[in-house]
Every structure is written in C-alpha cells, then in structure tokens.
Amino acid sequence: MSDKENIHISSYKEHVSTWLALILLTFMTVFVSVFGAELRTLSVATAMIIATVKATAVGYYFMHLKYDPKIYKIMMATVLGLFVFFMLMITLDYITR
Amino acid sequence: MTVDTLPYTTFFKAKKGIMSWLFTLDHKRVALLYLYSIMTFFLVGASLGILMRLELFHPGKDIVEPHTYNQIFTLHGVIMIFLFIIPSIPAVFGNFFLPLLLGTDDVAFPKLNLFSFWLYVIGALFALGTLVLGDGPADTGWTFYAPYSVRTGTNVTMSVVAAFVLGFSSILTGLNFIVTIHRLRTPGMGFNQMPLFAWSLYATSWIQLLATPVIGITLLMIVAERVFGVGLFDPSIGGDPVLYQHMFWIYSHPAVYIMALPAMGIVSEIIPTFAQRTIFGYKAIAYSSMAIAFIGYFVWGHHMFTSGMSGPAAYIFSILTFLVAIPTSIKVFNWLATLYKGSINIETPLLFALAFIFNFLIGGLTGLVNGALAADIHLHDTYFVVGHFHYVMFGGTGFAFFGALHYWFPKIWGKMYNKKVANTAFATLLIGFNILYFPMIILGIMGMPRRYYDYLPEFTFWNQISTVGSWITVSSLIVLIVNLFVAANKGKKAPDNPWDGITLEWQTKSPPPLENFDKMPKIPEGGPYNYPNAKSSS
Amino acid sequence: MDHTFHLPNSGHNFDAKASKMGMWLFLYTELLLFGGLFLVYMVYRELNSEAFLLASFKLNVWMGTFNTVLLITSSMTIAMSITALQKGNKILSIRLMWITILAALGFLIVKYFEWGAKFDHGLFPGMDHYQQLPTGERLYFYLYFFMTGLHGLHVIVGAVFIMFVIRGVKKGSVTPERYSLSENAGLYWHLVDLIWIYLFPLFYLIH
C-alpha cells in the first residue's frame with residue numbers, strides 16, 4: 001500500500017542539537033535549585049517548567065512527534081489533557097477542604 | 001437469499017486438537033475461549049449471589065457466618081466485575097465480530113490477543129486461588145478501600161494482584177481494538193461507515209487503555225503497603241484514605257462505561273436489523289459513544305460525596321455527572337426513533353434489546369438520583385445503590401450480552417436455537433430480574449444499608465420477595481443457557497443471514513471460514529444500515 | 001476447497017504503522033501508570049511540603065544530575081541508531097545501541113550506590129531509621145523508593161528490549177526497510193527518559 005511514502009529520517013545534526021539543548025536545560029535547572037535556594041517557590045515552578053520544556057523536546061524530536069501524522073499529536077494531547085484534569089480536580093478537593 | 005451450498009472448512013474444523021484451540025491465533029477461537037471461561041465465572045458469581053440472597057431471606061444468621069458473608073460479597077463483586085462484565089462483550093463479541101464487521105480476517109495483533117486471553121486466565125486463577133491459599137478470600141468489598149484492605153488478615157494481596165493482571169489483559173485487548181479499527185477497515189470504509197458496534201468498541205477501548213493503568217498502580221501501592229507494612233494510604237502513618245478513593249474511582253468510574261458502552265453498541269446493531277430500517281441519527285449515536293467515554297473520566301468524584309471530599313469538588317462532580325446523562329439519552333431517543341415506522345420483526349435478540357432500554361432507563365435514572373448531592377447523602381451505601389448498579393450492569397450489560405448471544409448465535413455456530421424456549425427464558429428472566437432488584441431500590445429508600453448479612457425485621461418482606469426473584473432469575477438463566485447449548489450441538493442448520501442483516505458479518509458463511517471472507521466484502525451503499533426494504537430513511 | 005482469496009487488509013500482514021501505533025498506545029498506559037504515582041506525590045507534597053523539602057536534602061543532587069545526563073545521552077544515541085539503520089549503516093546502528101545499553105547499565109550502577117547509601121542509613125521503608133522519621137519524610141522516602149524503583153525496572157526492560165533489536169539487526173529480521181522494532185524500542189527508551197526528566201526535579205531539586 002502507500003506505507004512507503006513520507007518516511008522522514010531525522011538527521012544526526014538534529015539529534016545532537018536536541019541533546020545539547022536538553023543538557024543545557026538540565027544544568028540550568030540544577031543551578032537554579034542548588035544556588036537559588038532563597039527563590040524557593042520560584043524554583044519549584046521553574047523546575048517544572050524546564051522539565052516540561054525538556055519533555056516536549058524529547059517528544060517532539062527524539063520521539064519523532066514533529067514528523068508524525070496529526071493523529072499522534074491529537075492522541076498525546078488527549079492523554080495529557082486527561083491527566084491535567086485529574087490533577088486539577090484532586091487539587092481542587094484538597095485545597096477547598 | 002441464496003444459501004451457498006459449496007463445501008468449505010469452517011473455523012471450527014480448520015485445525016484440529018486441543019492445542020490448536022489453546023494457542024490459536026484466530027480471533028474467533030480466542031473469542032470462544034473467552035466465552036466459555038466468562039460463562040463459567042458468571043455461573044460461579046451467580047451462585048455466590050444466590051448464597052447471599054439465601055442468607056438474607058430471614059433477618060439474623062441463616063446459613064453463613066458474618067465474616068464468610070463479607071468474603072462472599074467481595075468474591076461475587078470481584079468475579080462479576082473483573083472476570084465477567086468488563087471482559088464480557090468486548091472480549092467475546094468484540095473479538096469475534098469486530099474483524100468481521102470491519103471486513104478483515106483478524107485483529108491487528110493476533111498474538112497479543114492470545115496473550116491477553118492467557119493473562120485473563122492467570123488473573124482468574126489468582127482470583128480463585130484466594131479460596132484455597134492464605135487466609136481466605138478478601139472481605140473488603142470489590143473496592144479494596146484503604147485502610148481496611150491494608151489491615152485485614154484475609155488474602156487481599158492475591159485478590160488485588162488478580163485485579164492487576166486482569167486489568168493488564170483488558171488494556172491489551174483495548175489496544176488491539178484501537179489499532180484494528182485504525183488500520184484494518186476494509187478499503188472504502190471510513191470511520192463514518194463503520195457499524196456502530198465498532199464505534200462503541202472504539203470508545204470502550206480508549207477507556208480500557210487510559211483508565212486501567214491508574215488502578216493498576218493504585219493496586220500495586222496496596223500490595224506494597226501490605227508487604228512492607230508501611231505505606232501511603234493508612235492514616236496512622238500520615239496517609240490519606242480519601243486519596244485512595246480518588247485513585248480507585250479515576251479508573252472504576254470510567255470502568256462503568258467499559259461495561260455499558262459495548263452493550264449500547266449491541267443494541268445499536270440489533271435494533272436496525274430487526275426494524276429493517278436505517279438507524280436514526282447514526283452520527284449522533286457514534287459520537288455520543290465518544291462523548292460518554294470522554295465525560296466518563298470527569299465524574300469519578302460522585303462515588304465519594306460522603307467520604308469527606310470538599311464541598312466545591314462535590315458540586316462540580318455532581319454537575320458533571322448529570323452531563324453524562326445527555327449522550328445516553330440521545331442514544332435512547334435514536335433507538336426509539338429507529339423503531340418508529342420500521343417493519344419490526346419481533347425475535348429474541350430484539351426482545352433483549354428492548355429489555356435493555358427498559359432496565360437501563362431504571363438504572364440510569366436511579367443513577368441520577370445518586371448523583372444528586374442531597375439525595376446521595378441519604379442513599380449512599382444503602383440497597384438503593386445495589387439496586388441501581390445491578391440494573392445498569394445486569395439489566396443493561398447482562399441483557400445486551402445475552403441479546404448479542406442470541407443475535408449472533410447462528411453466525412457463530414451456523415445453527416438456530418429453539419426460539420420458543422428462548423423467548424420463554426427471556427420473559428421469565430426479565431420478570432425474575434425485576435422481582436430480584438426492584439425491591440432493593442425500595443429497601444434502599446427505606447434505609448437498609450448494604451454489605452450486612454443481617455437486617456432489621458421491618459425489611460423482611462421486600463428481602464423475601466427479592467430472594468424469590470433470585471430463584472426465578474437463575475432458573476431462567478439455566479433454561480437460556482441449556483437451550484443455546486443444545487442448539488449448538490443439535491440445532492437446525494441456520495442460513496447464512498437469518499435476520500436479513502446487511503452489516504458485513506452477514507455476507508460470509510455461518511460459521512465463518514478461518515479467513516472470514518472468501519471474496520471481498522461489499523460495503524452497503526449509503527451507510528452501514530441502509531436497508532434496501534426500509535420504508536423511510538433518516 | 002482451498003482458500004486462495006486473501007484480504008488486502010489482513011491482520012496477519014506486516015504493518016509497520018500498526019505496530020508503531022500499538023507502541024504509542026502502550027506508552028500512554030505507561031504514562032498514566034506513572035501518572036497515578038505523580039498524583040499521589042502531588043497530594044502528599046501539598047500536605048507535607050516542609051517535610052518533603054527536608055527529606056530531599058538527604059539525596060545526592062550530583063548523582064542525580066549525572067544520571068540525568070546519562071539518560072539524555074542514551075536517548076540521543078538510540079535516536080541516532082534508528083537514523084543509522086534507516087540510512088543502511090547497520091554496524092553504526094548496533095554500536096549506538098550498545099552505547100545506549102551501557103548508559104542504562106551506568107544509570108543502574110549509580111542508582112545502586114544511591115540506594116545502597118540509603119539502605120546503610122536505614123531509610124528504606126520498614127527499617128529502623130525510616131520508622132523514626134516524621135510522617136511527611138516517611139511518605140517522601142516511600143514514594144522515592146517506589147517511583148525510582150519502578151522507573152529502574154523500566155530501565156532494565158528497555159535495555160533488554162534494545163538487546164532484542166540488536167539480535168534482530170544481526171539476524172536480519174530488522175532491516176533498513178523494516179525497522180519498526182528498533183523504532184518501538186527507541187520510543188520505549190525515550191519514555192524512560194521522559195519519566196526521569198520529571199522524577200529528577202521532583203525528588204532531587206525541591207530545595
């Protein structure tokens with residue numbers, strides 16, 4: 001069938017640059033956490049934001065989501081949306097008790 | 001209609017020997033393996049139910065000790081939910097008919113399919129193993145609520161491991177179906193040309209896939225808590241039992257739709273065939289399945305209104321719960337509209353489908369009563385809830401399961417059952433079922449709490465009625481099953497298409513050959529339910 | 001009668017797209033499996049934020065950072081090995097997969113020393129020191145062992161999976177035209193990385 005078309009081969013260069021970005025972000029998050037102790041609440045938020053940026057990079061480039069058919073992005077968004085909803089509702093329960 | 005007389009090899013005879021069954025890669029054989037095991041566990045679960053009803057015939061202790069009673073209702077719940085109702089329609093009829101309805105010869109991953117059957121068997125062995133190993137079956141109720149499930153001396157660990165393994169089996173079945181629907185539809189069949197049963201399985205599979213892991217990990221935490229003696233949910237060590245309930249119901253409420261959605265799919269198949277009329281509102285039914293699956297994730301909190309959840313969370317969960325009723329009623333309206341001005345052919349499967357609508361209506365409306373905050377405070381943990389979910393699960397899914405069995409029986413075995421016996425069994429089952437469970441709703445409103453082996457004397461009358469109902473129910477079930485069993489062996493040969501159905505499974509022979517189709521199946525012009533003789537179309 | 005007709009959309013055909021989709025669906029279940037643990041973590045963190053903070057100082061940030069770098073690097077090498085296979089360079093592909101496995105091994109060794117140190121201090125659930133901790137810190141260590149333990153299990157499974165791919169490439173069942181097994185192993189390995197990306201800040205960096 002038409003399965004052969006549109007196979008995207010990621011380049012080595014793309015992998016290396018993704019890797020570089022991930023390593024930089026890792027050191028950034030460690031730095032903020034270890035040396036930014038007085039910015040405590042800020043550091044939790046930044047750590048999670050940086051982690052999410054890293055996760056997106058892994059998903060987008062290493063896991064090939066960027067080049068995959070749209071259905072994979074839709075499914076991933078649904079799964080993450082569900083999980084966020086779980087978090088929101090449970091948080092709501094605990095902060096309003 | 002021409003009956004093809006050319007000799008061919010049915011999937012029953014394509015391969016020989018017990019090994020060809022136990023390690024088969026044919027979806028039809030896997031489905032039958034599931035059918036036999038599921039029916040076995042259904043009978044075990046039903047016997048436990050009968051035992052409970054006998055104990056409840058008189059107030060006070062009759063035949064079992066209180067502790068044994070707790071174990072019986074737990075085992076009844078675990079068997080009926082994890083071994084019967086969750087796998088029932090998807091694993092049996094989904095496995096058998098999904099590829100046929102899509103015009104293909106198997107599911108996307110035949111080996112994985114076999115593997116999930118064996119996981120099911122292993123899980124079943126664990127569940128039944130609690131009878132002989134350790135200190136007896138769990139006595140926690142099928143919900144395994146912490147902290148009691150962490151502290152009780154009974155063999156909770158093994159029951160929980162059983163639920164975990166069965167959950168994994170259910171995940172793999174769901175995964176298989178989603179990929180099958182995406183990849184193996186016959187050329188020319190888009191999503192909107194799929195039969196509605198396929199749609200409902202698609203929605204179900206997404207629930208199986210995305211909800212089950214959450215309970216998997218929760219049950220693992222219970223096991224770890226029991227094994228290490230320290231853990232997360234016991235309040236004496238700073239844990240929060242309400243969190244366990246959140247985690248449990250994040251799975252177990254969507255699981256209710258794992259049970260209900262395929263049943264609705266069955267009804268959507270049966271009704272147009274026996275009305276010989278285009279289904280009314282194809283897209284509305286198809287998308288409402290997805291809507292139910294989706295909204296079903298957002299309502300778990302309605303099981304916890306009395307557990308100490310916060311007020312604002314309870315309001316939101318209550319509102320969301322009412323939203324689920326909308327897509328469900330859309331389906332009911334569409335089914336009734338399909339029957340309107342159809343040329344209705346009253347046969348056993350249609351009777352079961354109509355009974356489904358009747359029972360599910362009662363089950364659904366009592367569900368809304370439970371979902372209303374104020375009413376739930378009174379009705380929570382009473383027999384009202386027991387009545388409600390038996391109406392949904394047995395009255396709904398159970399009836400649809402037997403309806404499907406009667407609908408597709410001639411396709412699976414190529415034989416026809418005795419219709420008179422089948423209709424009689426149906427009628428007594430419907431009557432017995434309502435005598436069995438309607439008194440529970442009344443008892444719940446009167447205030448009888450659930451899960452006790454004993455009750456106050458004023459509840460005696462309705463309890464005795466209910467117990468009598470359980471005898472009628474079980475006798476009819478026996479008649480129904482024996483009738484089908486006899487027919488499978490000695491029944492008259494059925495034509496390939498006894499009900500004049502036009503979905504793809506009726507285009508092949510009965511029983512189907514190993515490869516399902518020996519010529520390219522033809523998609524009906526103008527949609528999957530466009531009956532040529534239909535008097536009107538929507 | 002011999003069966004001569006074959007459906008074009010048979011379930012017994014090799015279908016790379018189907019197996020990839022199946023793998024992704026499986027990854028979603030894995031995400032939600034860990035997701036459940038993250039939910040529990042979130043609640044107890046909210047209820048015991050001070051205790052979690054104190055307990056997190058007992059972990060070694062630098063070991064965690066080292067492991068993060070290892071996993072990210074291995075994630076790159078496995079992605080590169082797929083590129084190499086697609087371009088037809090089998091030897092490079094196998095070498096890159098071995099590097100990935102070595103990184104997995106390195107990760108587990110570091111983890112072994114980290115866990116070992118905690119055992120020596122009696123911090124494993126059920127041990128003496130653990131039992132004397134305040135409840136919040138006990139919940140922290142319980143979750144720490146549960147989550148990193150489950151993650152470690154996934155590291156092992158992922159490494160074994162990659163070994164199967166190496167065998168497949170050597171035997172010729174995984175080829176530049178038919179590489180979906182290696183792609184799936186890659187996806188699985190990235191998931192292991194993905195989860196660690198969240199575990200690392202949640203346990204080591206909440207200073």
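Protein chains get the first letters and strands the later ones, always in sequence-line order, with residue 1 at the start of each.
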Yes or no on ring pair (Phe, Tyr, Trp, His ring centres under 6.0 Å) for Phe85(A) and Phe298(B), after CA distance, side-chain angles and deciding distance?
CA-CA 8 Å; Phe85(A) 181 83; Phe298(B) 304 151; 4.2 Å; yes

Test Met89(A) against Trp300(B) for side-chain contact (heavy atoms from CB on, under 4.5 Å), laying out the working first.
CA-CA 10 Å; Met89(A) 283 313 284; Trp300(B) 77 85; 3.6 Å; yes

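Surrounding CZ of Phe294(B) are at most 12 heavy atoms belonging to other residues, nucleotides or ligands under 6.0 Å away. Around the CZ atom of Phe168(B), the shell of radius 6.0 Å holds no more than 12 heavy atoms that belong to other residues, nucleotides or ligands. No more than 12 heavy atoms of other residues, nucleotides or ligands shown are found within 6.0 angstrom of OH on Tyr315(B). Crowding of Lys73(A) atom NZ: a count of heavy atoms from other residues, nucleotides or ligands under 6.0 Å exceeding 12.
The structure places NE2 of His246(B) at 5.5 Å from OH of Tyr94(A), a figure rounded to the nearest 0.5 Å. One finds the CD1 atom of Ile71(A) at 4.5 Å from the NE2 atom of His182(B) (value rounded to the nearest 0.5 Å).
Contact of the Ile90(A) side chain with the Met309(B) side chain is not registered, since no non-hydrogen atoms from C-beta on lie closer than 4.5 Å.
Close approach to chain A, defined as a heavy atom under 4.5 Å from one of its heavy atoms, is seen in Trp206(B), Leu210(B) of residues 201-210 of chain B, taken by number. Within residues 53-65 of chain A, no residue has any heavy atom closer than 4.5 Å to a heavy atom of chain B.
Using a distance-only test at 3.5 Å, with no hydrogens or angles considered, no donor-acceptor pair links the side chain of Arg97(A) to the main chain of Gly311(B).
At a 4.5 Å heavy-atom cutoff, the contact between Leu320(B) and chain A is made by side-chain atoms alone.
Across all their heavy atoms, Leu92(A) and Ser310(B) have their closest contact at O-OG, 4.0 Å.
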